[in-house]
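Here is the structure we will look at, set down as structure tokens.
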Number of protein chains: 2
Amino acid sequence: MPRAGLDTAAVVAAGAAIADEVGIANLTMGLLAERVGVRTPSLYKHVAGQEDLVRRIAALALSEAGDAVGGAVQGYAGRDALAAAARAFRAFVLDHPGRYAATIGVEPSGPDDPVATAGGRLLDGFTAVLRGYAIKEPDVDHALRMLRSLCHGFATLQSANGFQWSAEVDESFEWLIAFTDRGLRAL
Amino acid sequence: MPRAGLDTAAVVAAGAAIADEVGIANLTMGLLAERVGVRTPSLYKHVAGQEDLVRRIAALALSEAGDAVGGAVQGYAGRDALAAAARAFRAFVLDHPGRYAATIGVEPSGPDDPVATAGGRLLDGFTAVLRGYAIKEPDVDHALRMLRSLCHGFATLQSANGFQWSAEVDESFEWLIAFTDRGLRAL
DNA sequence: GCTAAAAGCTAATGCTATTAGCCTTAGCTG
DNA sequence: CAGCTAAGGCTAATAGCATTAGCTTTTAGC
């Protein structure tokens, strides 16, 4: 029996891919094993169990989202940066609904938890956006939370096909960016 | 064997209560059966299965959230209405995290789906808030989606203990209400 | 009181995650 | 180059959970 040459990262990446295809709720160890060409119990050599797998997928998703947002912001400031960050974040969630869904309900166990550090890096991307607005220090944290809530809420609601939101969802999203931009500049 | 006098509504209510206590992911048919004083298979006389149960819990949660928001708005207008609605919604999600979590990822099958009608009623509450602002028609839908995204995002992120948000979360929420109010009045 | 549907129950099935224990490969060491 | 060791795989077994089948008992209407 030739060896599969697996490692934890490969298993997690495959799990994230499956989650995007069939939804995180339908990600089963058997499906994952089949995908990576191995029998189910062998997965436990790379991952401590399903819960651990989901945590790792969540950390991966947050890390990738952080890269996407951070990269999109590069070279822009103010409204352009805000729009770039928001669009990049939403695009990521819509392109990878399963792995992003893995982040919902995962609580970081401590500051050193990969989930926490990846989440922090995602926040850094949004922080960079705020730097383009002249915001007084006490407001920065609040504005950050608002940005995160807005993007998270909109993207997950749309990804779940929430509430008959028929067509012009893109239009609503752009409207939302403009609204937020005006509000931030007014601070 | 005396009969338990169950019906679908009682089973769903008990399921929602368990979801709030242990999380929707840990809501098991056995746990629910024990809670309502019946053997597991008997539940299937009232509910088609676990998926159906979760859908019904989601519909209940949306309906209750709609009642909470609608009731809170009564007698207020403008900023007061906005604050009342937002606070009522957040309080509901924090008080009933499990049943609200059931709504995530549930897609209404059609316009007659109880999930859809309950979701619609929740939207009505937010619509009432917007009526207090003089918003031009083409903006109403967008503003509605923004309000929903903001509340959903903030409440679910906090409920999941998202991102080390230490203390002043309440303060951030009030800040967010003020921010939104200013933006809406500027339309 | 009689009947039929509704609401329970026990028993059985099948799927999923997980653990235990064994075997083989790959890489390093003498 | 022989041999040792750890890592990565496998089969077999266990346990929990959802669900179905089929039987029994209550209850409500006639």
Side-chain angles (χ1 to χ4, degrees), chain A residues 1-60 98-99 101-102 104-107 109 115, chain B residues 1-60 98-99 101-102 104-107 109 115:
Chain A
M1 42 206 78
R3 208 161 277 203
L6 277 185
D7 64 356
T8 301
V11 169
V12 172
I18 296 177
D20 288 339
E21 293 165 22
V22 304
I24 188 74
N26 299 316
L27 170 58
T28 146
M29 298 300 268
L31 205 55
L32 176 55
E34 188 184 18
R35 176 72 62 100
V36 299
V38 110
R39 299 308 185 107
T40 305
S42 306
L43 294 175
Y44 291 79
K45 295 287 164 134
H46 303 290
V47 153
Q50 203 170 32
E51 194 181 312
D52 179 50
L53 172 67
V54 172
R55 283 187 77 81
R56 289 175 188 273
I57 291 175
L60 174 67
R99 73 188 65 189
I104 300 174
V106 178
E107 301 192 21
S109 58
V115 172
Chain B
M1 41 205 81
R3 206 161 276 205
L6 278 185
D7 64 357
T8 301
V11 169
V12 172
I18 295 176
D20 288 338
E21 292 165 22
V22 303
I24 187 75
N26 299 316
L27 169 59
T28 145
M29 297 301 268
L31 207 54
L32 176 55
E34 188 185 17
R35 176 71 64 100
V36 300
V38 111
R39 299 309 184 104
T40 305
S42 306
L43 294 175
Y44 291 78
K45 295 288 163 128
H46 303 290
V47 154
Q50 204 169 31
E51 193 181 314
D52 180 49
L53 172 67
V54 172
R55 284 187 77 80
R56 289 175 188 273
I57 291 175
L60 174 66
R99 73 187 67 188
I104 300 175
V106 178
E107 302 192 20
S109 58
V115 171

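In what follows, chains are A, B, ... by sequence order, proteins preceding strands, each numbered from 1.
Atom CE in A:M29 sits about 13 Å away from atom P in D:dG9, given to the nearest Å. The CZ-P distance, from B:R39 to D:dT25, rounds to 16 Å in whole Å. What separates CG of B:L31 from P of D:dC17 is a distance of 9 Å, to the nearest Å. At whole-Å resolution of the value, CG in A:D52 and C1' in C:dT18 are 14 Å apart. If you take CD of B:E51 and C1' of D:dT19, they are 13 Å apart, rounded to a whole angstrom. Rounded to an integer number of Å, the gap from B:L53 CG to D:dC17 P is 15 Å. Taking atom CD1 on A:I18 and atom P on C:dT16, their separation rounds to 13 Å, with Å as the unit. B:L6 places its CG atom 15 Å from the C1' atom of D:dT27, with the value rounded to the nearest Å.
Contact between the side-chain N/O atoms of B:H46 and the OP1/OP2 oxygens of C:dG8 is found at a separation under 4.0 Å. Taking 4.0 angstrom as the limit, A:T40 places none of its side-chain polar atoms (N or O) nearer than this to OP1 or OP2 of C:dT18.
Helix bend of the helix from C:dG1-D:dC30 to C:dG30-D:dC1: the angle between its two end axes, each built from five pairs, comes to 10° after rounding to 10°.
Considering only heavy atoms from C-beta on, A:I24 stays 4.5 Å or farther from A:I104 through its side chain.
The local environment of CD in B:E21 is crowded, with over 12 non-hydrogen atoms from other residues, nucleotides or ligands closer than 6.0 Å. Heavy atoms from other residues, nucleotides or ligands lying under 6.0 Å from CD of A:E51 number 12 at most.
For the pair A:R55 (side chain) and A:E107 (backbone), a donor-acceptor distance under 3.5 Å is present. Distance alone, capped at 3.5 Å, is enough to place a donor-acceptor pair between the B:Q50 side chain and the B:L27 backbone.
Smallest separation of non-hydrogen atoms from B:V47 and B:T8: CG2-CG2, 4.4 Å.
Listed nucleotides: D:dA12, D:dG9, D:dT20. Nearest to the side chain of B:P41: D:dT20. The nucleotide whose nearest atom lies closest to any side-chain atom of A:Y44 is, among C:dT19, D:dT11, D:dG9, C:dT19.
Nearest-nucleotide assignment on DNA chain C puts the 5′-proximal partner with A:Q50, out of A:K45 and A:Q50.
Residue contacts shown for A:S42 include a base, since a base heavy atom lies under 4.0 Å away.
Taking NE2 of B:H46 as the start and CZ of B:R56 as the end, the distance is 11.5 Å to the nearest 0.5 Å.
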